[in-house]
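Each remark here refers to the structure printed beneath this line.
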Amino acid sequence: MLSFHWKKGDKKVMEWDQLRFVRELTIAIRTKNFDPREFIRKGDSYLFNFAEKNTSGLDEGRRNFLKAMVIGVGVATVAGIVPGLRVLVPPNVSAVSAFPKSLLVDSSGNPIKASSLPVNSPIITIYYYPLSGEPNFLLNLGDSSGKPVSVPSYTVTVPQTGDKYTWPGGVGPNKSIVSYSAICQHLGCKPPFIHFYPPKYVTPSQINAPEPDTLTAQAIANAKAANAPTIIHCDCHGSTYDPYHGAQPLTGPTQRPLPTTILEWDSSTDYLYALGSLGVGIYPEGANGVPSKDPTVDLSSSFGSSVGDKTEVSDSENPFSS
């Protein structure tokens with residue numbers, strides 16, 4: 001039996017069969033849809049199952065060899081020994097291990113005051129949270145006359161899975177301020193392609209409005225049936241969400257609500273803070289484009305780095321032509 005050494009006098013590195021196994025596993029990782037996120041999430045159990053299915057076999061000796069690398073040496077070392085893993089396993093980002101408590105501020109760094117937020121503004125108002133690549137809507141909901149409307153909590157149903165969760169409702173002096181991810185849950189479109197429609201734009205006249213502000217008759221009918229005077233609409237493929245009821249889908253093709261960003265209002269200062277996320281994870285996390293139920297998957301470094309204890313609110317543009 002062959003043994004491999006880096007140089008004379010060094011300790012044995014691995015047996016011949018182990019080297020062949022590593023090569024098989026490396027090729028399989030590159031060609032058999034190895035999912036690095038599942039590997040990170042499940043660890044050795046995922047790697048063992050993958051190796052069992054995609055190599056010439058995982059006998060006790062190979063299993064112990066693999067286990068020794070994963071458990072005894074660590075995932076990072078496995079990534080270093082196996083070339084395929086080295087590029088598939090993303091680096092740890094310690095700064096985004098948890099949702100930060102972030103104060104919402106303006107471009108000058110001054111805290112945003114909840115009572116100053118315009119009601120039903122068609123202008124796209126976003127901030128990034130919890131990561132620098134994740135835009136979120138900041139909306140102050142109101143009636144057709146522009147008065148803030150208190151928005152109670154609501155039980156949201158995920159059409160894709162039937163799962164339910166409790167959306168906490170609005171915050172602020174009138175309990176009218178809500179916040180959602182601005183990444184469409186269908187195919188990931190972002191503002192200005194997905195944006196907020198105040199009551200004046202949720203009417204039959206919008207059916208014949210110039211692109212991209214057109215609404216379908218079905219979207220308007222569903223909003224009316226849901227008692228939703230405003231909607232969030234994605235111009236890319238027509239997905240529609242109800243901001244009054246936890247961004248529950250009104251029309252597809254999306255099958256998932258927009259994730260909620262949890263806000264805290266400090267009544268003594270009128271300041272707003274972002275605290276976390278609620279709902280299914282943001283597209284395209286998870287296997288086959290199906291988001292995880294765990295909102296902490298939003299903390300993947302693919303969305304950038306943590307925004308820290310402050311995040312800037314910006315009014316990007318008014319998508320409506322009139």
Side-chain angles (χ1 to χ4, degrees), residues 120-126 133-139 141 151 154-165 167 178-261 277-293 295 297-298 303 316-321:
N120 288 334
S121 173
I123 296 174
I124 298 174
T125 302
I126 61 172
E134 294 192 49
N136 295 266
F137 291 117
L138 183 63
L139 306 173
L141 302 179
V151 186
Y154 182 76
T155 300
V156 177
T157 301
V158 181
Q160 186 178 39
T161 62
D163 292 338
K164 299 179 185 294
Y165 60 90
W167 175 69
V178 300
S179 183
Y180 301 105
S181 167
I183 302 176
C184 183
Q185 288 283 61
H186 173 226
L187 288 176
C189 287
K190 299 179 181 180
F193 301 106
I194 178 172
H195 58 97
F196 175 67
Y197 282 59
K200 65 178 288 188
Y201 294 104
V202 187
T203 66
S205 62
Q206 213 64 29
I207 296 173
N208 298 314
E211 295 287 352
D213 298 328
T214 304
L215 288 179
T216 64
Q218 188 67 56
I220 295 171
N222 288 3
K224 184 177 181 180
N227 194 26
T230 63
I231 64 173
I232 294 171
H233 178 262
C234 182
D235 302 334
C236 292
H237 302 96
S239 294
T240 309
Y241 305 88
D242 178 355
Y244 271 79
H245 300 97
Q248 180 92 49
L250 291 169
T251 61
T254 183
Q255 298 184 60
R256 299 179 291 271
L258 291 175
T260 295
T261 299
S277 182
L278 179 67
V280 293
I282 293 175
Y283 176 93
E285 295 296 329
N288 301 319
V290 179
S292 166
K293 297 176 184 178
V297 298
D298 295 348
F303 285 101
S316 58
E317 64 179 286
N318 185 346
F320 294 97
S321 55

Taking the side chain as everything from C-beta on, heavy atoms only, tell me whether [X] gets closer than 4.5 Å to [Y].
X      : Y      : answer
Val280 : Val158 : yes
Pro257 : Tyr241 : no
Pro229 : Tyr244 : yes
Ile123 : Phe196 : no
Tyr165 : Thr155 : no
Gln185 : Pro259 : yes
Ile126 : Pro191 : yes
Leu258 : Ile232 : yes

Rounded distance (nearest 0.5 Å) linking atom [atom1] of [X] with atom [atom2] of [Y]:
X      : Y      : atom1 : atom2 : result
Leu139 : Ile124 : CG    : CD1   : 10.5 Å
Cys236 : Lys190 : SG    : NZ    : 12.0 Å
Leu250 : Asp242 : CG    : CG    : 5.0 Å
Thr203 : Tyr197 : OG1   : OH    : 11.0 Å
Gln255 : Thr161 : CD    : OG1   : 9.5 Å
Arg256 : Gln160 : CZ    : CD    : 4.5 Å

Crowding at CZ, Phe193 (>12 non-hydrogen neighbours, <6.0 Å): no
Spell out, as yes or no, whether a donor-acceptor pair under 3.5 Å connects the side chain of [X] to the backbone of [Y].
X      : Y      : value
Gln248 : Thr157 : yes
Thr254 : Ser239 : no
Thr240 : His233 : no
Thr214 : Ala209 : yes

How about His195 and Phe320: are their ring centroids closer than 6.0 Å? yes
When you look at Cys184 and Cys234, which way does the disulfide (SG to SG under 2.5 Å) test go after all the steps? CA-CA 7 Å; Cys184 183; Cys234 182; 3.8 Å; no
Take Asn136 and Ser179 through the test side-chain hydrogen bond (donor to acceptor under 3.5 Å, both in side chains) and record every step on the way to the result. CA-CA 7 Å; Asn136 295 266; Ser179 183; 4.8 Å; no
Only residue of Thr216, Leu215, Ile231 satisfying side chain to side chain contact (heavy atoms under 4.5 Å, CB included) with Gln206 is Leu215
Whether the Asn222 and Thr251 side chains hold a donor-acceptor pair (N or O, under 3.5 Å, no angle test) is what I'd like checked. no
Evaluate side chain to side chain contact (heavy atoms under 4.5 Å, CB included) for Thr230 paired with Leu141, printing each intermediate quantity in order. CA-CA 8 Å; Thr230 63; Leu141 302 179; 4.0 Å; yes
Which residues satisfy the side-chain hydrogen bond (donor to acceptor under 3.5 Å, both in side chains) test with Ser181, sequence neighbours excluded? none
Run Phe137 and Val178 through side chain to side chain contact (heavy atoms under 4.5 Å, CB included) and show every step you take. CA-CA 8 Å; Phe137 291 117; Val178 300; over 6 Å; no
